[in-house]
Number of protein chains: 2
Amino acid sequence: MSHPSKENIGGVTRIKDIAEKAGVSTGTVDRVIHNRGKVSPQVRDRVLQVISELNYEPNVLARALVSRRNYRLAALIPDPGYDEYWEAPSKGVDEAQEQLRPYGVEVRKHLFDQNDVESFKAAAESLSDVGYNGIVVAPLFYRESLSYMRRWSQEGIPFNLFNTHIPDYKPLAYIGQDSYQSGLLAGKLMHFGSKGGGTCLIAHVDEDVPNSSHLIKKEQGFMDYFQEKGLSDFKTISIDLKGYGDEISFHKQLDVTFEKYPDILGFFVTNSRAYAIAAYLQKRALKNILLVGYDLLQKNIAYLNEGLIHFLINQNPKGQGFYGVQMMADHLLFNKQVEPIRYLPLDIITKENVQYYI
Amino acid sequence: MSHPSKENIGGVTRIKDIAEKAGVSTGTVDRVIHNRGKVSPQVRDRVLQVISELNYEPNVLARALVSRRNYRLAALIPDPGYDEYWEAPSKGVDEAQEQLRPYGVEVRKHLFDQNDVESFKAAAESLSDVGYNGIVVAPLFYRESLSYMRRWSQEGIPFNLFNTHIPDYKPLAYIGQDSYQSGLLAGKLMHFGSKGGGTCLIAHVDEDVPNSSHLIKKEQGFMDYFQEKGLSDFKTISIDLKGYGDEISFHKQLDVTFEKYPDILGFFVTNSRAYAIAAYLQKRALKNILLVGYDLLQKNIAYLNEGLIHFLINQNPKGQGFYGVQMMADHLLFNKQVEPIRYLPLDIITKENVQYYI
DNA sequence: TTGTACGCGTTATCAA
DNA sequence: TTGATAACGCGTACAA
């Protein structure tokens, strides 16, 4: 046992300790650790042996400090200016960026208008010049997203998906919600709050349902809840409502719906526009209609507090942005194995606990 | 404008940049930053000026790397061996410790038996010799906790409280649940799931209620929900049940209760023992009794999945441990201002979303 | 009161 | 195939 120069204080083993014990220099140890070759097999084995003996863990701080490498990440997400919903994911991205800055991570946001395919294409196109090391994207437009995902795959740029899952070209990870399960949950809440049977309306407000797989999954989950429980006195009907911006015509559609189904028990709104239905119920002074929707938009929260919306299902949108970036960093910087699918909790929000989620 | 030696690459300002611009040495800048004195006022002002101009942010990594300081934290929490509930906070502490280890943080757990005041005192006593830099404690025993908190205050050791709030000797922060609000929430769930009025039982299972302020707050919140809404056909009755371990006597108590209140609508169990009531309901084949409780214990989850427990309110116990440690580190290491009260979300758990919380 | 120089653990370069 | 050494940004002991 020789104790030359500096002692290993604190019990954490360093490269230096390994080098010493293996009778080589730190350079050699480094080459072994990073498989850079140029090490004789015997020495290599000896070093590996010592490494596992001392169960060495590299010091992330020192590593990040010395590697002047910069990682440029792109966040391809809808512009919060067009839809309040996207403020939260955007904030999540910012927070992750903040936390990872000391590690040389820089995230640039490329925003698009979620109602304009062309703006998505333009934003996606603009990524190519920069040479990003990783991409985090909310692939709202299925077909267009596909083609860019193929391109990124070919270029070898890893990308994370969130909000909408498109598994075709394997993303590094999907972060988001289990749409089907959230439908089931909505069914449960509706059932739990009902005094008896009736018609449950699944309302798609201003959506292109056939092209939105997640809406279909939500619907399916909701229907299956009642089916699996054999609740035959509950009917589930899917309706499309268009143009919620024009109150008069929108309310007219709902009037017609109420005439058609006199025993309406409640609405399950499959996107964040529950407030549009709530406004109608308020105007027509309809009581005892259950209303379950998604997302903590200010308007939704207002109606939640007034008691017109009973439950909102929350998908932790901020977390989606945050983990989208963080998991990319885990992959690029820290060589961590990332889970291919990370479902975020389906939070049940009501008037009495909403304050803790905003 | 002179550009000697190294250029500032990447746009992040370093101490060296400040020194250069202010025409002093890095040592002086360092003394200014850390208020070590021994700097002439003029120079000090000039340096501060430059710092704010360049809005300098210290590099946490380099700082942690160079400061060989070790921070010893103590976690004074109940032994998970006696109560499964405490596994989660314990894990949270471990995770925070793991994350902060590169920064020289070491957390030592001092466990006590939550049913034995003496073991708490012994554990708390054992902290004193070590000389901890910070303490994270779940102060289950009010009076005894008070005396230790006073001692720590006098010794100048910062401490964080979680699970139970005792504001008398100002803790650095309280992390946990808003008991009153969780009672309100339980009331809402019970009301929402009821088909009509009846008696709601607030069940304290094996608890010393008078000495547990958080139980009283839960009860109060639950009662206030019905009171504030003017729901006069709902009666709320508080009952104490003892000895859930002895099934026969425990079930007998419940038999008596059901005789006394024939119109029982449901139970609100104020601690994590909802499973004890669920077992009774199952044995007696009682249907349509609502059951709302706390905490994701395995037994609770099992009954949740069987449909006997309808909702569990979750206080993110892992988060309590995690943030308890993290906020202490924010205070000690990173000089961050920590919020004095951090309420964790009141998660509503049901069969359909429980999978995302475990 | 101020400046210089070394070290923290890791990586990368260069000479041997 | 190896080893010595200079960085990375910051803190600090010590010299001036």
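Lettering of chains follows the sequences in order, A, B, ..., and the numbering in each one begins at 1. Computation of the quantities below employed the complete heavy-atom set of this structure, encompassing side-chain atoms and omitting hydrogens, waters and symmetry-equivalent molecules.
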Check whether the ring centres of [X] and [Y] lie less than 6.0 Å apart, and answer yes or no.
X      : Y      : value
B/Y71  : B/H331 : no
A/F159 : A/Y148 : no
B/Y323 : B/F162 : no

Ring geometry between A/F112 and A/F120 (parallel below 30°, tilted from 30 to 60°, perpendicular above 60°): perpendicular
Which residue lies more 5' along DNA chain D, comparing A/R31 with B/I15 via nearest heavy atoms: A/R31
Closest-nucleotide ordering on DNA chain C, the 5'-leading residue of B/A62 and A/G27: B/A62
Closest-nucleotide ordering on DNA chain C, the 5'-leading residue of B/S67 and B/R44: B/R44
Rounded to the nearest angstrom, tell me the gap between atom [atom1] in [X] and atom [atom2] in [N].
X     : N      : atom1 : atom2 : result
A/D30 : C/dC14 : CG    : P     : 16 Å
A/N70 : D/dC8  : CG    : C1'   : 13 Å
B/K16 : C/dT4  : NZ    : C1'   : 13 Å
A/L61 : D/dC8  : CG    : C1'   : 12 Å
A/D17 : C/dG9  : CG    : C1'   : 10 Å
A/R36 : C/dT13 : CZ    : C1'   : 11 Å
A/R63 : D/dA7  : CZ    : C1'   : 17 Å
A/I33 : C/dT10 : CD1   : P     : 7 Å

Nearest-nucleotide pick for [X], side chain only, options being [options]:
X     : options                : result
A/N59 : D/dT2, D/dC10, C/dT10  : C/dT10
B/R14 : D/dC10, D/dT12, C/dT11 : D/dC10
A/V24 : C/dT4, C/dT10, D/dG3   : D/dG3
A/S40 : D/dT5, D/dT2, D/dC8    : D/dT2
A/K38 : D/dC10, C/dC8, D/dT1   : D/dT1
B/V66 : C/dC8, C/dT10, C/dT4   : C/dC8
B/H34 : C/dT2, C/dT11, D/dG11  : D/dG11

Neighbour count >12 (heavy atoms, 6.0 Å) for atom CD, B/E155: yes
Presence of A/T28 side-chain N/O under 4.0 Å of D/dG3 phosphate oxygens OP1/OP2: yes
Residue-phosphate contact under 4.0 Å: A/Y103 side-chain N/O, D/dC8 OP1/OP2: no
